[in-house]
**Student:** 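Got a structure for you, written out below as structure tokens; questions coming shortly.
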Amino acid sequence: MTETQVQAAVEKFEALIREQNEHAERIAGQGDFVDYSTLSPIVIGVCGGDGIGPIITKESARVLEYMLADEVRAGKVVFKVIDGLTIENRVAAGKAIPDDVLEELKSCHVILKGPTTTPQAGDPWPNIESANVAMRKALDLFCNLRPVKVPEEGIDWTFFRENTEGAYAVGSKGVNVTDDLAMDFVVTTTEGTRRIAKLAYDYARRNGKERVSIVTKANVIKTTDGKFLRLCKEVGADYPEIITDEWYIDIMTAKLIDQKRRRDFKVIVLPNLYGDIITDEAAEFQGGVGTAGSANIGKKYAMFEAIHGSAPRMIREGRGQYADPCSMLRASVMLLSHIGYQKQADLLENALDICMFKEKKLQITGRDTGCTCAEFGDYVMQTVKGLCE
Ligand code: IPM
Ligand code: MG
């Protein structure tokens, strides 16, 4: 290693410190959450993405428009379609989110977003940052809320994944110090941790959940995870009726499989990367990532999406119309609830439980052996109609 290489790496690290300090100061000065009841109209952005994204997003938007038909007629809710968040456009702009698309996203209050293709080293695309990750940062969507339920097995988990910091904060800005030495960085800020912890505990209190589990690897990642754990416990001290326990991510991953213990977990709060990994595992108990929705919540904006990727193989094999919209429909339930339409959210959730688990009149198999995405959407809307009669 030469002195020039050391110096170049130090300069890159210095730029990251300044950038992340700006983030820390910005979020420390932030106000309160937007009150949707004061907005008229509420603008819902619909942003298709790549692969099966446009298909399942269009279907979910159709169901959402059905659920909100009265509100749309009364001018209380407006839908706005946002094109352009495709891998081709992102590559052409050389940006995770092209500027014009970001402007359009910012003109909405909440966004229903389809999966987007994330380039990785070795892909035909340049290795630009994930659109998801960029959107979470650009709109400061600091909480990734991921519920997983399997009632017959007593599983009722709500994950609060920190969404803008941790290993993701500067995940695309690591440093190759030399050909033989690469370094990435992990970020934990005081406000970034407090705000996610507070949201998790508030949720537990509001919903009568008796336990919050804090998950880290603070025995090894001592500085950033240590801070995350300490601050979450500090926040938890303000909620004396709630039991706080702490777990390391490795044993938590194992305990989710332990049929006796896993029922004890209710609300789980954890740093970004652990949350990413464990929510895929958790969704598997419920029927796979195709069944799970995800809410990305910030103080000003919120975005709702599937937890899975864009399934480019389905498109390559010409099976796109058979894609499963359930994850996006679950995300739509969270969107309705978030903007204050709880009655419609409950109704859609009931209908989905009937269509996916109880009645199962139509099956989605991802190919022509099952129904199409649009047929499933019709089935859900008919079920909603039936519930209202
Ligand atoms: C998720 C996804 C994303 C993430 C990818 C697509 C960048 O896995 O939303 O969980 O890692 O956060
Ligand atoms: Mg993930």
Side-chain angles (χ1 to χ4, degrees), residues 47-54 56-57 60 85-87 90-91 95-97 105 111-123 125-148 157-174 184 186-187 192 196 215 249 252-253 256 268-298 301-315 323 326-328 330-332 334-335:
C47 186
D50 301 304
I52 59 168
I56 59 177
T57 308
S60 308
L85 197 67
T86 59
I87 183 74
R90 287 181 282 136
V91 166
K95 282 192 167 168
I97 307 178
L105 291 169
I111 298 149
L112 183 68
K113 183 189 117 336
T116 47
T117 296
T118 302
Q120 59 176 19
D123 274 358
W125 315 107
N127 201 5
I128 48 177
E129 190 182 28
S130 137
N132 280 22
V133 174
M135 197 181 298
R136 291 167 187 166
K137 287 185 204 161
L139 305 181
D140 197 23
L141 309 173
F142 65 87
C143 167
N144 195 323
L145 182 64
R146 297 184 162 182
V148 169
W157 299 325
T158 313
F159 293 90
F160 285 79
R161 165 189 178 189
E162 198 293 316
N163 214 22
T164 57
E165 300 190 353
Y168 280 61
V170 290
S172 56
K173 296 182 183 165
D184 272 312
V186 181
V187 176
I196 184 78
V215 178
I249 181 66
M252 174 54 97
T253 308
L256 288 192
I268 299 121
V269 59
L270 68 185
N272 211 335
L273 181 59
Y274 311 139
D276 174 50
I277 296 167
I278 213 167
T279 51
D280 271 18
E281 184 199 8
E284 200 63 24
F285 297 112
Q286 178 184 272
V289 289
T291 62
S294 160
N296 296 262
I297 297 170
Y301 300 103
M303 179 267 279
F304 300 80
E305 61 179 349
I307 81 164
H308 58 75
S310 59
R313 205 169 86 191
M314 284 194 78
I315 299 296
C326 286
S327 53
M328 291 296 286
R330 292 282 176 196
S332 303
M334 287 195 266
L335 186 152

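Ligands are counted one by one from 1 in listed order, and the atoms in each one are counted from 1 as well. The structure displayed is predicted, hence computed values, not measured ones.
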**Student:** May I ask whether R146 has any heavy atom positioned less than 4.0 angstrom from an atom of ligand 1?
**Tutor:**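 True for this residue.
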**Student:** Can you tell which of D276, N272, T118 gets a heavy atom nearest to atom 2 (C) of ligand 1?
**Tutor:**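 Among D276, N272, T118, the closest heavy atom to atom 2 (C) of ligand 1 belongs to D276.
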**Student:** Going by side chain to side chain donor-acceptor pair (under 3.5 Å), Y168 matches just one of N272, N163, D276. Which one?
**Tutor:**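 Per the side chain to side chain donor-acceptor pair (under 3.5 Å) rule, the option paired with Y168 is D276, out of N272, N163, D276.
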**Student:** Could you walk me through whether E281 and T279 pass side-chain hydrogen bond (donor to acceptor under 3.5 Å, both in side chains), step by step?
**Tutor:** CA-CA 5 Å; E281 184 199 8; T279 51; over 6 Å; no
**Student:** Please tell me whether N296 and E305 have a donor and an acceptor in their side chains that are separated by less than 3.5 angstrom.
**Tutor:**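 The answer is yes; a qualifying pair exists.
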**Student:** Tell me whether the guanidinium CZ or amine NZ of R146 lies under 6.0 angstrom from the six-membered ring centre of F304 and within 45° of its axis.
**Tutor:**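 Verdict for F304: no cation-pi partner in R146.
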**Student:** Out of all atoms in ligand 1, which are within 4.0 Å of some heavy atom of S130? Include the element for each.
**Tutor:**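 Near S130, meaning under 4.0 Å from one of its heavy atoms, ligand 1 has 7 (C).
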**Student:** Between T118 and N132, is a side-chain hydrogen bond (donor to acceptor under 3.5 Å, both in side chains) present by the stated rule, with each step listed?
**Tutor:** CA-CA 8 Å; T118 302; N132 280 22; 5.7 Å; no
**Student:** Please identify which atoms of ligand 1 are closer than 4.0 Å to at least one heavy atom of R136.
**Tutor:**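 Listed by number with element, the hits are 1 (C), 4 (C), 9 (O), 12 (O).
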**Student:** In ligand 1, which numbered atoms sit nearer than 4.0 Å to a non-hydrogen atom of Y168?
**Tutor:**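 Matching atoms, with element in brackets: 4 (C), 11 (O), 12 (O).
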**Student:** Examine D276 and say whether one of its N/O/S atoms is closer to the Mg ion (ligand 2) than 2.8 Å.
**Tutor:**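 Yes, within the cut-off.
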**Student:** Would you mind checking which non-hydrogen protein atom is closest to atom 3 (C) of ligand 1, with the distance to 0.1 Å?
**Tutor:**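 Going by distance alone, atom 3 (C) of ligand 1 is nearest to N132 ND2, 4.0 Å.
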**Student:** Hey, mind stepping through E129 and K137 against salt bridge (Lys or Arg N to Asp or Glu O under 4.0 Å) and telling me if it holds?
**Tutor:** CA-CA 11 Å; E129 190 182 28; K137 287 185 204 161; 2.8 Å; yes
